[in-house]
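Note sheet for the following structure.
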Amino acid sequence: MANDNETFKKIISHAKEYGFVFPSSEIYDGLSAVYDYGQNGVALKNNIREYWWKSMVQLHENIVGIDAAIFMHPTTWKASGHVDAFNDPLIDNKDSKKRYRADVLVEDYVAKIEAKIEKEVAKAAKRFGDQFDQQQFLQTNPRVLDYQEKATAILKRLGQSLEKEDLADVKALIEELEIACPESGSRNWTDVKQFNLMFGTKLGASAATAMDLYLRPETAQGIFVNFLNVQKTGRMKLPFGIAQTGKAFRNEIIARQFIFRMREFEQMEMQFFIPPGTQKEWYDHWKKTRLDWHLALGISAENYRFHDHEKLAHYADAACDIEFKFPFGFKELEGIHSRTDFDLSSHEEYAGKKLKYFDPERNESYTPYVLETSIGLDRMFLAIFSNAYTEEPLEDGSTRIVLKIPAVLAPTKVAVLPLVKKDGLPERARQIVDTLKWDMTAVYDEKDAVGRRYRRQDALGTPYCVTVDHQSLEDGTVTLRDRDTMQQERVNIDTLSQTLAKQVDLRSLLEKLSN
Ligand code: GAP
């Protein structure tokens, strides 16, 4: 665990040092759980967003996109249930005066049990070598079975207590598990209380007439309130989807783990409107489609797992998370929720306006059901970034830091480097950048020795470096260096654009989704 913590710290400082993520308003010592994206971070974030958007909107003829406002009529949040039920169960430690999410304290306890299971597996794998059958070991080893049973029982009880709003039992569970405050080490806890996560603000010029508003805590409601607008103007037939990316705001209590849990963050959500009764089929469909989207990036499947929700949100009849193995363990990356007709029915009731769909095949009007996929863009950024961060020992005894970001998502696709700053090499290198820049992000870099420039581009995650040398001027070839293998090959300048495009074009990734 200590090692993972160390790695995570290095990832955070790398993100800052190389212009990916900065603490917000840092010159004033920052603002807790709020971050800014730097010049390379914004490029990576835009590329992830584009991958998501095109996979949803461009590749599906029955999914369209919108961009709704952050401010919404305040009744929206009454109808959606957020005013009454968008709460976190909080507990304070009386000695450290620190506030925690009670459910997260219990989940962290369970994560420690899971870490013990992983340790047992690693030990056994070492002992048995090639003979080791992990599946069989997990199903038969008595110690592992004990751990698993304990973890399952704890999560089940937590889920049930939260479902029943039995906060006294959540506290009892924390006490029974003897969970101590990570800060003070004491078990002197207050009762568990609910705390609403929405940020309030005001609209209007004078205090007397101002209207209380909320900053939206999810983008989804902007889609629900526009359901009929889109359906009618786009003449959409069920099943169809509406996609949106945009900012959401939550007054999160646990402000840690870098950009994993932020107070201002970005969501990429898609609401898929379906006939009632088909939700199970579409739930399975979108679970598979979304996992495939992640796996197409080439990150090992072992880093992903589904986690079914024990406690269903007030709107859902089924829900699961796609969890990712972050440096601090498996945690939610994306949610897939079967939301029934809760939202549309509730808006219909509060707004007093019909939000029904006339189904020509069934010859009846009804309120559609909704299948939602919802992923945090910042969390996806963290998943990609933390997975990419690699410290690689080299043959000469040194270590290189390389960001193995999938080439298609990398902020810069190619760096063009003149071997020396004279003899016409810089001019030739600049010409190459000018040719490539129409198809991909290409940069020119002439500072320092070429070896250092390679290291710098490795640390930025640039998948290719092109070096222009004296031979280039004679025969029109350059060396093309691959970030991950560090192999170099001589290629013709005329074919460079085509060779690179195959590797870095978003199309190559999108094509994997339709296979
Ligand atoms: N419309 C459904 C919804 O908002 P959610 O599970 O609360 O569901 C969806 O959020 C996704 O948004 C999460 O899976 C996560 O990736 C991201 N997310 C939620 N809260 C976040 C936060 N405080 N910081 C960063 N990302 C967050």
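Both ligands and their constituent atoms are indexed starting at 1 by order of listing. Worth knowing before you read on, the calculation uses all heavy atoms, side chains too, and leaves out hydrogens, waters and symmetry mates. Along the sequence shown, residues carry numbers from 1.
At a heavy-atom cutoff of 4.0 Å, ligand 1 is contacted by no atom of His309, backbone or side chain. The parts of Arg261 lying near ligand 1 are both backbone and side chain, judged by heavy-atom distances below 4.0 Å. Of all the heavy atoms of Arg263, none lies under 4.0 Å from any atom of ligand 1, so neither backbone nor side chain is involved.
The shortest non-hydrogen separation linking Phe22 to Gln39 is CZ-OE1, 4.0 Å.
In summary, the atoms of ligand 1 found under 4.0 Å from a heavy atom of Gly335, numbered by their order in the structure, are 14 (O). Residue Glu269 has at least one heavy-atom neighbour below 4.0 Å for each of these atoms of ligand 1: 1 (N), 2 (C), 3 (C), 4 (O). Within ligand 1, the atoms closer than 4.0 Å to a non-hydrogen atom of Glu334 are 14 (O), numbered from 1 in the order shown. Set against the non-hydrogen atoms of Phe260, the atoms of ligand 1 under 4.0 Å away are 24 (N), 25 (C), 26 (N). Atoms of ligand 1 lying under 4.0 Å from any heavy atom of Glu372, numbered from 1 in the order shown and given with element: 1 (N), 2 (C). If you number the atoms of ligand 1 from 1 as listed, the ones under 4.0 Å from a heavy atom of Glu252 come out as 20 (N), 22 (C), 23 (N). Close approach to Arg339 involves these atoms of ligand 1, each under 4.0 Å from a residue heavy atom: 1 (N), 2 (C).
Nearest protein heavy-atom neighbour of atom 24 (N) of ligand 1: Met262 N, 2.9 Å. Protein heavy atom at the shortest distance from atom 9 (C) of ligand 1 is Ser374 OG, 2.9 Å. Ranking the protein heavy atoms by distance from atom 7 (O) of ligand 1 puts Arg250 NH1, 2.8 Å first. Considering only non-hydrogen protein atoms, atom 26 (N) of ligand 1 sits nearest to Phe265 CD1, 3.5 Å. The single protein non-hydrogen atom nearest to atom 8 (O) of ligand 1 is His337 CE1, 3.6 Å, given as residue, atom name and distance. Among all protein heavy atoms, the one lying closest to atom 13 (C) of ligand 1 is Glu332 OE2, 3.2 Å. Looking at atom 15 (C) of ligand 1, its nearest protein heavy atom turns out to be Arg379 NH1, 3.5 Å.
Where the criterion is an N or O separation shorter than 3.5 Å, residue side chain and backbone included, Gln271 fails it with respect to ligand 1. For the pair Asp378 and ligand 1, the shortest N or O to N or O distance does not fall below 3.5 Å. Looking at Gln267 next to ligand 1, an N or O pair under 3.5 Å apart turns up. The distance criterion of under 3.5 Å between nitrogen or oxygen atoms is met by Gly376 with respect to ligand 1.
The main-chain N or O of Leu158 is never found under 3.5 Å from a side-chain atom of Asp103 such that the two would form a donor-acceptor pair. Of the possible polar contacts, none joining the Thr219 side chain to the Thr245 backbone as a donor-acceptor pair under 3.5 Å is found.
Ion pair Lys237/Glu361 not flagged as a salt bridge, since none of the NZ, NE, NH1 or NH2 atoms sits closer than 4.0 Å to an Asp/Glu carboxylate oxygen. The pair Arg263-Asp378 fails the salt-bridge criterion, with no side-chain N (NZ, NE, NH1 or NH2) lying under 4.0 Å from an Asp/Glu carboxylate O. No salt bridge links Glu269 with Arg339; every basic N to acidic carboxylate O contact stays at or beyond 4.0 Å.
Classified by interplanar angle (parallel below 30°, tilted 30° to 60°, perpendicular above 60°), the ring pair Phe20/Phe381 is perpendicular. Between Trp189 and Tyr100, the ring-plane angle classifies as perpendicular under the 30° and 60° cut-offs. Using cut-offs of 30° and 60° for the angle between ring planes, the Tyr51 and Trp293 rings count as parallel. Taking the six-membered ring where the residue is Trp, Phe8 and Phe328 present perpendicular rings, their angle passing 60° and hence far from 30°.
Between Asp341 and Thr367, the side chains place no donor N or O within less than 3.5 Å of an acceptor N or O (distance only, hydrogens not considered).
If you look at Phe326 and Phe260, their ring centroids are closer than 6.0 Å.
The side-chain heavy atoms of Ile375 and Leu333, taken from C-beta on, include a pair separated by under 4.5 Å.
Under a 4.0 Å heavy-atom criterion, Leu333 is in contact with ligand 1.
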